[in-house]
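Ligands are counted one by one from 1 in listed order, and the atoms in each one are counted from 1 as well.
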Amino acid sequence: MHRERFYTLSASCPDRVGIVARVSGFIAEHKGWILETSLHAEPPGEGEEVGRYFMRIEIKASSLPFHLAEFRERFRPIAEEFDMEWKISDSAVKKRVVVLVSKQEHCLYDLLARWQSKELDIEIPCVISNHDTFRGFVEWHGIPFHHVPVTADNKAAAYAEVQRLFEDVGGDVMVLARYMQILSPELCGAYPGRILNIHHSFLPSFVGARPYHQAWTKGVKLIGATCHYVTAQLDQGPIIEQDVIRIDHSDSVEDMVRYGKDIEKTVLARGLRYHLEDRVLVHGNKTIVFR
Ligand SMILES: Nc1nc2c(c(=O)[nH]1)N[C@@H](CN(C=O)c1ccc(C(=O)N[C@@H](CCC(=O)O)C(=O)O)cc1)CN2
């Protein structure tokens, strides 16, 4: 069902009395029609005096007497008054998702299927890979494909090329859809909260490139997948979404890889949707997810 155009205000600030009253008062003052509100008060962390308040508010675009740019300018003084980290997005503007992949097909295929069916209302301006494996499949969808090999000797140049391509297409989000190379700290640092990865384990268990082998060796009874923001620290970024499935002693690594494909696809799709809908707010190395 096509939703009427709406703006999403997502913000956080030091916790205090009067935040919601001030923000909702501003919206009401301009006859804004609120469609959905999510609020969370995070208590003070260790050594902190004040907690942090998180909010996400959807407002019907047609209910406001001004457009997005003026909304932002009129809201700015309030954001400064409360020392907010904030943004306002527009449901009518499709986010541009650049997909990175290596040799595993399942997450790439799933994202392109959800894009083609418009389940994910996004633009995919290009796909980048360190192998040429999926060129034909991607170009068949009318999407530009860029082969950027990564070797032990060319990592800096390779990631500079990835960044150039991302900037050239006006990328909003980078999705590592089983991209099996470790991004440089520079690339991670250039896009905090804008690079998502699907890790094929229930983090923090089994970081690295071969989590199913680690799971088999350990003999765990549950395996899973984790969608997280990418930081320079491998598989340590803020977690967005996770899920698990039960296995048992009779399951081989190959069985786990097969079961894992389904859960990796769905966890990535859910995590990406939450991010695209501004439902994820980062707090230190954790997230608040207004599902
Ligand atoms: N800076 C980061 N880069 C990447 C992350 C991350 O969290 N931070 N996640 C990985 C994805 N990943 C697990 O989910 C992963 C990928 C690759 C490796 C790894 O050890 N790669 C080896 C090469 C392996 C190969 O060539 O097949 C390496 O880079 O030396 C571990 C975990 C994506 N990037």
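A distance limit of 4.0 angstrom between heavy atoms and ligand 1 selects the residues Leu176, Tyr179, Met180, Gln181, Ile182, Leu183, Cys188, Asn197, Ile198, His199, Gly208, Ala209, His228, Val230, Thr231, Ala232, Leu234, Asp235.
The local environment of NZ in Lys103 is sparse, with at most 12 non-hydrogen atoms from other residues, nucleotides or ligands closer than 6.0 Å. Heavy-atom neighbours of Trp33 CH2 from other residues, nucleotides or ligands within 6.0 Å: at or below the threshold of 12.
Side-chain contact of Glu42 with His283: a donor-acceptor pair under 3.5 Å is absent, judged by distance alone. Thr151 and Asp153 are not linked by any side-chain donor-acceptor pair at a separation below 3.5 angstrom, with hydrogens and angles left out of the test. Donor-acceptor pairing under 3.5 Å is lacking for the side chains of His131 and Ser129.
Checking Ile240, Val175, Val99 one by one against Leu272, the side chain to side chain contact (heavy atoms under 4.5 Å, CB included) holds for a single residue, Val175.
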